[in-house]
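So the structure is just underneath, and the comments pick up after that.
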2 protein chains.
Amino acid sequence: MYVSYPDSSAGSVVSRPIGLPSEALTLENLFASQPTDKFAAGEGVFWEGDAACDLFQITEGCVRLYRILPDGRRAIMGFRFAGEMLGFSCQTNYSYSAEAVTPVRLRRLRRARIQAMVEGAEHLQPLLLTKIFEEMEAAQRHIIVLGQLGAEERMAHFLVSAVRRTGMDQKRPVAIDLPMTRQDIADYLGLTIETICRVISKFKRDGLIALEGRHRVVLRRMGALQELAGELDALGEPSEAQAGLKQAIAWSH
Amino acid sequence: MYVSYPDSSAGSVVSRPIGLPSEALTLENLFASQPTDKFAAGEGVFWEGDAACDLFQITEGCVRLYRILPDGRRAIMGFRFAGEMLGFSCQTNYSYSAEAVTPVRLRRLRRARIQAMVEGAEHLQPLLLTKIFEEMEAAQRHIIVLGQLGAEERMAHFLVSAVRRTGMDQKRPVAIDLPMTRQDIADYLGLTIETICRVISKFKRDGLIALEGRHRVVLRRMGALQELAGELDALGEPSEAQAGLKQAIAWSH
DNA sequence: GCCCGGTTGTAACGGATCGTAACAGAGATT
DNA sequence: AATCTCTGTTACGATCCGTTACAACCGGGC
């Protein structure tokens, strides 16, 4: 059962379930009441430089975020999977383009709408800050990966990091989907596609991983991979969301 | 002439000049009323993991921000020069250490104090967001430099970027100070000290730069350097502060 | 001035990564 | 099933950058 509130922006309405404490007015709940858009694999969601009017939550599929350099090189800034959000760290205009890697469903929230809601629900502000801080931490980890790690270390970090995001943890025989292409991984890790392939092959030879088709990897020796990755994730990734939230609350109140 | 307000945290007070329009309550003005701390070259200001209670503005000198990896490698996340601020993108705890490169003077603001002030002066919030967005943009540029550019391109970007920060622009014979060591530059650009030296020597041979002692560089052919850097800075660096401010205002109101 | 230590510069070498190209495989189309 | 196309894989030579070693420079202290 839902109730509608008039929205101060553009005459649209905002719905939320009644009977829940106002603490349940989370970003997730806000997104939940939005319709879902569909994108085919390879389709663009928005482009670098577009006015950043919307925030997004991926319902299904995988999205790549990237920038194209003047000379044509592509730098992938990150990936977003089902359940994750994007757009929070952008200013007036998106600082990267977003493209569907797989078929994607997503919900979008107008910024103007969120801004209006913050007026009446102050506890929303820290939730926004949380998201920004999370993206900042991810960017800093990325900087370290690109600046300090070798090819194998980068790949190991990428795999371990992918497992972390799925929630399942530590257990030895974990299988994950890597829906993006090798080229995507290369552009994300600052390497070439051939180096990606070579490293994957080496991991396979050494028994660290096994491949089940192109886009599915079994991580057979998580310990070894984590060691290769340099325990870099241990610095704040698991409790990231909690720490971010805690801080965001401290910030705005 | 100043007036004091009770501060909700720990019995301290907040001062600001009276008689000015409230728009003059900028971060700069807040810092201006703080005493300055002194640090000798090499001295630490704070350490990664410390509770992030303070924001800082450098009054004089240069500070390096870095993280130490488990295996001892050092990743320099950035430098801060006189007039610049730091600490905004950190959560409950600092995500990097800060060390004086040269003798440094800085002013510090307690976070709790700023938070309290935001209550009574809503227009402060967008100023904080601006700073966070600026650091996010810098991080994204850094990611592209480390992931996509070669050694010469990285160095060219570093030099051009340093000129941009001083304010003076485009004019051919520009001389800048690089107070940090070659090792610092190497750890910032993800290269070794020898590669830094090689590239600097090559730039000198090719007439792109001239050296006046170790820590002073004359950029003789800015055009060539900018071209090498891949016009990467053109993507938002000059108007960064304005765009950030504009967005931050939109965000919080 | 002189010494001394740390920083910086130079060179030679080796290894990691890149670029090209040829091939293999999977999925789509006919 | 046959073909086509795109992606992925492997091999090999080229290049870039890291490693090692050592010399030169600079600044501070005596």
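Throughout, a chain's letter reflects where its sequence line sits, starting with A, and its residues are numbered from 1.
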Nearest whole Å is fine: how far is D/dC17 P from B/Ile196 CD1? 10 Å
Donor on one side chain, acceptor on other, B/Thr195 and B/Arg198, under 3.5 Å: yes
Plane angle bin for A/Tyr94 and A/Phe46 - parallel if under 30°, tilted between 30 and 60°, otherwise perpendicular: parallel
Contact class for B/Leu191 vs. all strands (heavy atom < 4.0 Å): base, sugar-phosphate, or nothing? sugar-phosphate
Quick one: B/Arg198 CZ to D/dG18 P, roughly how many Å, whole number? 7 Å
Can you tell me if B/Arg182 touches the phosphate of C/dG9, counting only side-chain N or O atoms and a distance under 4.0 Å to OP1 or OP2? yes
What is the nucleic acid contact for B/Gly213, judged by heavy atoms within less than 4.0 Å: base, sugar-phosphate only, or nothing? nothing
A/Glu194 side-chain proximity, nearest of C/dT10, D/dG8, C/dT20: C/dT20
Given the options A/Arg111, A/Arg110, A/Arg107, A/Asp54 meets salt bridge (charged side-chain N to carboxylate O under 4.0 Å, His left out) only with A/Arg110
Separation of B/Ile200 atom CD1 from D/dA24 atom P, in whole Å? 20 Å
Hydrogens and angles aside, do A/Gln57 and A/Gln34 bring a side-chain donor and acceptor to less than 3.5 Å of each other? no
Would you say B/Thr195 reaches D/dC17's phosphate, i.e. side-chain N/O to OP1/OP2 under 4.0 Å? no
Residue from A/Arg64, A/Arg74, A/Arg73, A/Arg182 passing side chain to side chain donor-acceptor pair (under 3.5 Å) with A/Asp187: A/Arg74
Could you check how far CG of B/Leu178 sits from P of C/dT8, rounded to whole Å? 11 Å
Protein-nucleotide distance (B/Gln148, atom CD; C/dT17, atom P), rounded to Å: 16 Å
Between D/dC16 atom C1' and B/Leu189 atom CG, what is the distance in whole Å? 16 Å
Taking CD from B/Glu212 and P from D/dC25, how many angstroms apart are they, rounded to a whole number? 18 Å
DNA chain C nearest-nucleotide lookup for A/Thr192 and B/Arg214: closer to the 5′ end is B/Arg214
Could you state the atom-to-atom distance from CZ of B/Phe203 to C1' of C/dG9 in whole Å? 16 Å
Can you tell which of D/dG8, C/dG19, D/dT10 lies closest to the side chain of A/Ser201? D/dT10
